[in-house]
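Everything numeric here is computed off the predicted structure, so don't read it as measured data. Only heavy atoms go into these numbers, but all of them, side chains included; no hydrogens, no water, no symmetry mates.
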Amino acid sequence: MKPYYITTAIDYSNGDPHVGHALEKVGADALARWHRLRGEPVRFIMGMDENAQKVIQAAEAAGRTPAEWLDAMSERFDATWRRLECSHDDWIRTTEPRHVRGVTALIEAIRARNPDDLYVGEYEGLYCVGCEEFKSESQIRDGRCIEHPSRDLIPTRERNTFFRLSRWRDPVLAAIRSGAFRVEPAIRRNEVLRVLEDGLQDISISRGRLPWGIPFPGAADQTVYVWFDALINYLSVTGYPDAGYDGLWPADLHVIGKGITRFHCIVWPAMLLAAGVPLPHMVWAHGYVQWGGAKVSKSEGTSVSIDSAIARHGPDALRWFLLREIGFENDGDFSFERFDARYDGDLANGLGNLVARVTAMIEKYWNGVVPAGPAPAEPLDAAGDRCLAEYTAAMDAIDLKGGAAAISQLVSEANGYIVATAPWALAKAGEDARLDFVLGPLARCLLRLSVMASPFMPAKAQAMWTALGQERSPEGAWRVAQQPDVAGARIAKPENLFPKPATS
RNA sequence: GGCUGGGUAGCUCAGCUGGUUAGAGCACGGCACUCAUAAUGCCGGGGUCGCGGGUUCGAGUCCCGCCCCAGCUACCA
């Protein structure tokens, strides 16, 4: 069975990773875990974009060689995502030989299959010496570079290799319209369709003046334009062009930020079509994390570090906040006020308190061992079925906010059930049969919640799972979510899952 | 300027192809309970559904105009 192959955008390292990057990683990770949960084989990939032209300057500024500097950045990013419990199976860096091979092979495949798609032409543009790059219209104000208004822009010509992107407009358009290549959510698809309908210009895909990058096949004095190279990481990580790469390719899902939609939804499919490689099934472009309503930006002091967010309430809570509050579609705001509110409400008073009260009652009234009990027939079992159905539908639709909401809904149902049945009153009255009847559904509900929470909060879900006397982990335990059974399990009240800080 | 979305309770948002008194969560007020992390449950106050026209027996829900916000407007990773 071909694995569900999911990717995130490879990171371009121009500073420390921040919560904006983190949303994409934990969202993709939750999706990867969701597919694993249901027993599918999954291949989940992240990596680094290392052929950017600023690498050399950045390395110099840090007093390192480019290779040293890149190693350090790669390590830092990878370690950060691991701290956030990301479960990627591979980490591709575009300076690796396997990627250089993949890029070379794809360009040669285009040349072999569609020779006219690659041609030498003149690129003419305004070059900013300060930035050391060509500037587009949107980067120019009053005829000057926005970043370096004191310097003159120099009209410059360069002989480059061009990719005949224009030729692939209709095929890409058709692929999107037919659903063979899905662009989601709809707002992004509309955006892409509009651009396609307006027509495409060819793009230059080699650069002559850059000493850092992948040599352009057949033009040794040039390097591959960094975007053209970067996109190919999704393919080179599969082993392309070696036989068997199609055991993984085509990708099921590329998770990206909305800012790079065009490259992924226009240029990338055109490249693949030109090379005769199948298109990925879907691109999902998420929104951005904002800070006080403004785009997260290091230079404007509007970023929040991942370290400080993790220090606040831990990695699971950060994942929960990002996916529950901000979600994976629209932009959303990060603030410590909202983070605290979600932590206190959803996690400490919600899920955590529910686990505490139920496990405490099971210890107190059952001595921690769940009796066989009656079949699942209580209202709470039915509520669990409903919430699970909502959860499933949301997760399949990549509606992570909705999936998380279904978890909170079930927590709320369980709390309502507890008050309605008042197990403590049953215990006092010595109504043991009824007490068993009431605690059974609650234990089953917790087991379900553990499984449902596992894509969002892997460590906390594991802690719940263990507290319920289960072996191994909730990963892959989808059947348990559907038909929870805890009869005979030895349950122990865990440490507070989500302790409240004394100061807040 | 063009294009695409959006403007619904203090805040974040649901409201599908038009149809009973416009909903949820959070926040706020009151009541109840004690198994639980002073946690939980119930009840309640609160909205001219951006503005102005129109179609219709009937419009947040369709049409026209206007105002405001966001994104995109392509060789920036």
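Candidate nucleotides B:A74, B:G71, B:C35 were compared by shortest atom distance to the side chain of A:Trp424, and B:C35 ranks first.
Using a 4.0 Å cut-off between a side-chain N of Lys or Arg and a carboxylate O of Asp or Glu, A:Arg194 and A:Glu191 do not qualify as a salt bridge.
Taking the six-membered ring where the residue is Trp, A:Tyr343 and A:Phe498 present perpendicular rings, their angle passing 60° and hence far from 30°. Taking the six-membered ring where tryptophan is involved, the planes of A:Trp284 and A:Phe328 are essentially parallel, since the angle between them stays under 30° and well short of 60°.
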Task: Protein-to-nucleotide contact annotation, 5' to 3' order, nucleotides 36-46 of chain B [B base; S sugar-phosphate only; - none; under 4.0 Å, heavy atom] - done: BB-SSS-----
Task: Base-pair map of RNA chain B as dot-bracket, where | denotes pairing with a different strand and pairs are Watson-Crick or G-U under 3.5 Å - done: (((((((..((((.....[...)))).(((((.......))))).....(((((..]....))))))))))))....
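When heavy atoms are screened at a 4.0 angstrom cut-off, A:Ile205 is found touching no nucleic acid atom at all. As judged by a 4.0 angstrom heavy-atom cut-off over every strand, A:Gly259 is placed among the base-contacting residues. Within 4.0 Å (heavy atoms only), A:Arg324 reaches no atom of the nucleic acid at all.
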Which pairs, protein N/O on one side and nucleotides 2-12 of chain B N/O on the other, fall under 3.5 Å?
from: B:C3; atom 1: O2'; to: A:Arg194; atom 2: NE; distance (Å): 2.9

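With A:Ser236 contributing its side chain and A:Ile232 its backbone, the two residues share a donor-acceptor pair below 3.5 Å.
By the 6.0 Å and 45° rule, A:Arg312 stacks over the aromatic ring of A:Phe336.
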